[in-house]
Amino acid sequence: MAKREFPSRRAPIFSSIPDEKWNDWRWQLSRRLNSIEEIEQVFPLTESEKRALSASHLFRVDITPYFISLINPQDPDDPIRKQVIPTESELAIFSGMMSDSLSEDAHSPVPGLVHRYPDRALMLVTTQCASYCRYCTRSRIVGDPTAQFSRAEFEMQLDYLRNTPQVRDVILSGGDPLTLAPRLLEELIARIREIEHIEIIRIGSRVPVFLPMRITDQLTDMMAKYHPIWMNIHVNHPNEITQELALAADRLTRAGIPLGNQSVLLAGVNDCVHVQRQLVHDLVRIRVRPYYLYQCDLVAGAGHFRTPVSKGIEIIEGLRGHTSGYAIPTFVVDAPGGGGKIPLAPNYLLSQSEHKVILRNYEGYITTYQEPQTYQSHDEMTCSFCRNKRDETGQEGLFGLLSGQADTIVPENWHALHQRSQAIPTELFTPRTSVNVRNCLPILPKIC
Ligand SMILES: *Cc1c(COP(=O)(O)O)cnc(C)c1O
């Protein structure tokens, strides 16, 4: 089979636009479509889409001429159309729905900065995007043109980073950082780079997908001054991979920026192992490494996009072993309530005994692996890496149990609840050390 050519498309209404304009990101941004009248010049809208577009309090709609051109005008179920054109389903309420499903606000020590994990922080640098995904997990803050971060807020974010030495990885997100004014973007990157303990800067952006013309040589030359910079893009369906995106990805990777892809598992868009296989194959062809496949968040407006979690596991089952390891993302559920990303995968470990594990492969072939009889664990006392390990107090979790920093993780009030018998001395069932789930501090055994 011959290699599929990546398409390059322009909807007929844009056919007379001169190339200099079409390829100018400022022109694309200023000509974004958002009203029924504008969109209907490209394709006829369904009744449901029209009613959604007329609703008050609708999450912002804006689509670049480039991206809307990728929609098949004849197909109301087009996978790109569903990502950017609202339908009435978006207005529906569903059980479990939240506005801030990842509890990011609770993890914000200063406005716009989310510090959820020990060594990395997310910086929300803008509320603006090149186009707006209907399932946006940050629709509570994104899209409002009057709600921008102020200078003072950027200073607070930078101060927090300077004063938090365990952060070694800063992720610029938003909104879309690549929609920032070029000078402000460079200033932010340069100021973060000045902080001694920040090792890597990451950018999360859908601009290469919505507005690939923004990836100019000037932009990549600027970013290359502040290496190491990594970037995650956001492609959900193979139809989004065009000649223009391939060129943008080529410019970024040539500038030394490794590219990953984060996609969201969306009903009716990419909840199909064949679509996902095509997607990951096309991504590696343009040198983008699939990174995460996200379970859709419990965010208002996204109910109709949700799939059962089992769909994601089925997709990974259909990828692992069947195709290049490089092409396989990690399927994650970002836990509601701020639990963070939880990876899920098919089970390959069927059973285990003292000296043997029983495994199955992607074809269902079942085999055993003989465990070593004489394994000597490495010595923490002589290992210089162990001695210099970064402080993660309170966030060790299960790893804390494995490494001996705690014996149990106990829900709050668990001890009190289980002290039902007066006859048994407390010491017999109170662990030596334990981690309280609420504040993650060791609690001392209580003596009645
Ligand atoms: C996803 C995320 C990160 C980065 O997680 P990685 O697994 O390192 O890619 C950091 N902070 C927050 C709040 C996140 O949601």
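As the structure lists them, so they are numbered: ligands from 1, and atoms in each ligand from 1. Any value given below was found using the heavy atoms of this structure, including those in side chains, with hydrogens, waters and symmetry copies removed.
Every residue meeting the side chain to side chain donor-acceptor pair (under 3.5 Å) condition with Tyr132, not counting sequence neighbours, appears here in chain and number order: Arg60.
Between the side chains of Glu317 and Tyr362, no donor-acceptor pair of N or O atoms lies under 3.5 Å. When only modelled atom types and interatomic distance are considered, Asp24 and Gln28 share no side-chain donor-acceptor pair under 3.5 Å. Residues Thr127 and Asp144 bring no donor and acceptor atom of their side chains to less than 3.5 Å of each other.
In this structure, Arg202 forms no cation-pi arrangement with Trp230, as its terminal cationic atom is not both closer than 6.0 Å to the ring centre and no more than 45° off the ring axis.
The distance between the ring centers of Tyr160 and His115 falls below 6.0 angstrom.
Within 4.0 Å of ligand 1, contacts by protein heavy atoms are made from Val114, Arg116, Tyr117, Arg120, Leu122, Ile171, Arg202, Tyr291, Tyr292, Lys341.
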